[in-house]
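These notes concern the structure reproduced below.
Just so it is clear: chains get the letters A, B, ... in the order the sequence lines come, proteins before strands, and each one is counted from 1.
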Number of protein chains: 2
Amino acid sequence: MDKKLSKAQRTRQFIIETTAPIFNVKGYEGTSMSDITEATGLTKGSIYGNFENKEEVALAAFDHNYGIIKKAITEEIARCRSYQEKLMVYANVYHSFNGHSEFIKGGCPILNTAVEADDTNPPLRGKAASAIQSWRNAIMNLIKAGAASGEFKSDIDLERTALSVIALIEGGVMLSKVTHNHANLDQVLKTVAIIINELKA
Amino acid sequence: MDKKLSKAQRTRQFIIETTAPIFNVKGYEGTSMSDITEATGLTKGSIYGNFENKEEVALAAFDHNYGIIKKAITEEIARCRSYQEKLMVYANVYHSFNGHSEFIKGGCPILNTAVEADDTNPPLRGKAASAIQSWRNAIMNLIKAGAASGEFKSDIDLERTALSVIALIEGGVMLSKVTHNHANLDQVLKTVAIIINELKA
DNA sequence: ATATTTATATACTAAATGGTATATTTACAT
DNA sequence: ATGTAAATATACCATTTAGTATATAAATAT
């Protein structure tokens with residue numbers, strides 16, 4: 001009934017925000033309860049009072065990290081006028097995963113979660129899979145809208161294009177992070193730009 | 001001096017071969033010493049008699065997994081006559097990471113190691129980075145040779161093409177593994193095929 | 001065959017793990 | 001201001017962690 005959050009709600013949010021970057025850097029297995037208590041300054045009692053277990057913290061942390069990206073992308077897309085520009089937002093946002101800006105510590109949480117959890121943690125894997133699915137659909141819808149508006153061709157292989165853009169971006173993030181060479185992502189994003197430009201009618 | 005391996009050498013090899021798929025599925029942090037002793041049927045004394053620590057087992061396991069892929073690719077490339085076919089080997093081998101065949105359990109070890117280790121384990125990260133670098137160079141050399149032979153155009157952006165092919169393949173593997181949908185990799189590999197076909201003179 | 005090196009097993013750390021029961025403190029409605 | 005409920009801390013649990021010292025067994029060179 002209140003607009004103000006309860007103490008517990010605020011603590012829960014504080015735990016999520018504090019641990020989200022830790023999970024994204026160290027992974028689910030690599031992050032321990034003591035990492036969580038140390039980073040938050042809270043005790044186990046406090047953590048387990050707000051979360052069922054470590055996994056629930058990790059799931060909430062993923063949602064938080066994913067939410068940050070989703071929000072940034074949605075806002076940026078809204079600012080673009082052409083569909084070509086809207087599509088390029090994905091490349092530009094993921095561009096900022098590297099180098100100075102680094103607006104999410106540890107890189108893309110979808111990639112990190114997908115690769116760690118695919119064979120080991122069904123709930124986390126499910127969240128990453130949903131994020132991918134929603135991203136795929138968003139790209140396909142943008143291309144469809146662009147085609148309907150006349151900006152894009154009408155015979156585009158929607159799914160292949162969407163999945164290829166995602167694969168390029170995530171693969172590029174992986175490449176640049178593992179080689180510590182930001183230019184590797186730049187190169188791959190050039191290909192993304194070319195693919196998007198080729199959609200034009 | 002012997003052609004036959006010593007008992008320790010054989011045990012070491014046995015440990016590597018037995019644990020390599022475990023590390024590739026569960027990751028470095030997710031794999032415990034008891035996973036290793038249980039899978040091998042050996043005791044800790046035996047493991048630590050042949051390896052300095054868990055990390056050294058993981059590093060050897062990565063080399064082993066990587067060696068399997070490298071060997072398969074090298075042999076297949078040797079069988080191809082055209083450079084276009086040679087380049088397509090990468091896509092075809094990684095195609096078999098999914099579905100029935102699954103010749104390496106857990107997917108691509110380069111991707112798995114890169115994503116887990118990039119921010120946390122320098123030695124493992126280094127091995128993954130070297131693998132990427134060698135892969136990039138191999139693709140660039142194939143394109144160069146294809147251009148020299150007249151099969152490919154001469155104005156190809158070598159590095160961008162090589163990195164984009166790698167990003168597509170690794171991103172595609174991630175997509176299909178996280179969604180449990182093998183068709184997602186197929187779609188992305190179609191784009192790889194298109195890129196390679198566009199290299200032709 | 002035996003001495004000696006090499007490899008493996010046993011039994012053990014100390015520390016860290018995720019998790020819990022209970023005590024204490026804090027927030028908040030009355 | 002106070003009683004009560006909610007939130008947090010304390011102290012603990014059993015288990016598992018990576019790793020080690022030492023004993024035993026097996027391989028190998030002589």
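- A:Glu116 and A:Glu29 get closest at one heavy-atom pair: OE2-N, 2.9 Å.
- Atom CD of B:Gln9 and atom P of C:dT8 are 11 Å apart (whole Å).
- With sequence neighbours left out, A:Asp35 forms a side chain to side chain donor-acceptor pair (under 3.5 Å) with A:Lys26, A:Ser32.
- Note: B:Lys44 NZ to B:Ser34 OG = 7.5 Å, rounded to the nearest 0.5 Å.
- As a whole-Å value, the separation of B:Glu56 CD from D:dT20 P is 12 Å.
- Contact annotation: A:Asn50 reaches the phosphate of D:dT8 (side-chain N/O to OP1 or OP2, under 4.0 Å).
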- [ ] Could you run through nucleotides 10-15 of chain C and give me one letter per nucleotide, 5' to 3': B if any protein heavy atom sits under 4.0 Å from the base, S if only the sugar-phosphate is that close, - if neither?
- [x] B-----

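- A heavy atom closer than 4.0 Å to some atom of DNA chain C occurs in A:Thr31, A:Ser32, A:Met33, A:Ser34, these being the qualifying members of residues 26-34 of chain A.
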TODO: Report the C-alpha separation of A:Asp119 and B:Lys177 in whole Å, then their side-chain angles, then the decisive distance to 0.1 Å, and conclude whether the salt bridge (Lys or Arg N to Asp or Glu O under 4.0 Å) test is met.
DONE: CA-CA 8 Å; A:Asp119 289 321; B:Lys177 286 213 74 195; 2.5 Å; yes

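- Distance CD (B:Glu52) to P (D:dA18): 16 Å, rounded to an integer number of Å.
- A cation-pi geometry, defined here as NZ or CZ lying under 6.0 Å from the six-membered ring centre and within 45° of its normal, holds between A:Lys54 and A:Tyr28.
- Remark: B:Thr40 pairs with no residue by the side chain to side chain donor-acceptor pair (under 3.5 Å) rule, at least two apart or across chains.
- Among residues at least two apart or in separate chains, side-chain hydrogen bond (donor to acceptor under 3.5 Å, both in side chains) pairs with a member in residues 15-25 of chain B are B:Gln13-B:Glu17, B:Asn24-B:Asn112.
- Pair check for D:dA11 finds C:dT20; Watson-Crick or G-U wobble, both atom distances under 3.5 Å.
- Here the P atom of nucleotide C:dT20 and the CZ atom of A:Phe51 are 16 Å apart, to the nearest Å.
- Atom CZ in B:Arg12 sits about 12 Å away from atom P in C:dT8, given to the nearest Å.
- Between A:Ile47 atom CD1 and D:dA7 atom C1' there is a gap of 12 Å when expressed in whole angstrom units.
- In this structure, the nucleotide among D:dA7, C:dG18, C:dC28 sitting nearest to the side chain of A:Lys54 is C:dG18.
- Shortest non-hydrogen contact noted between A:Phe152 and A:Leu142 is CE1-O, 4.2 Å.
- Whole-Å rounding puts the B:Leu42 CG to D:dA25 P distance at 17 Å.
- For C:dT20, neither phosphate oxygen OP1 nor OP2 lies less than 4.0 angstrom from any side-chain nitrogen or oxygen of A:Tyr48.
- Judged as a side chain to side chain donor-acceptor pair (under 3.5 Å), and not counting sequence neighbours, the contacts of A:Glu85 are A:Ser82.
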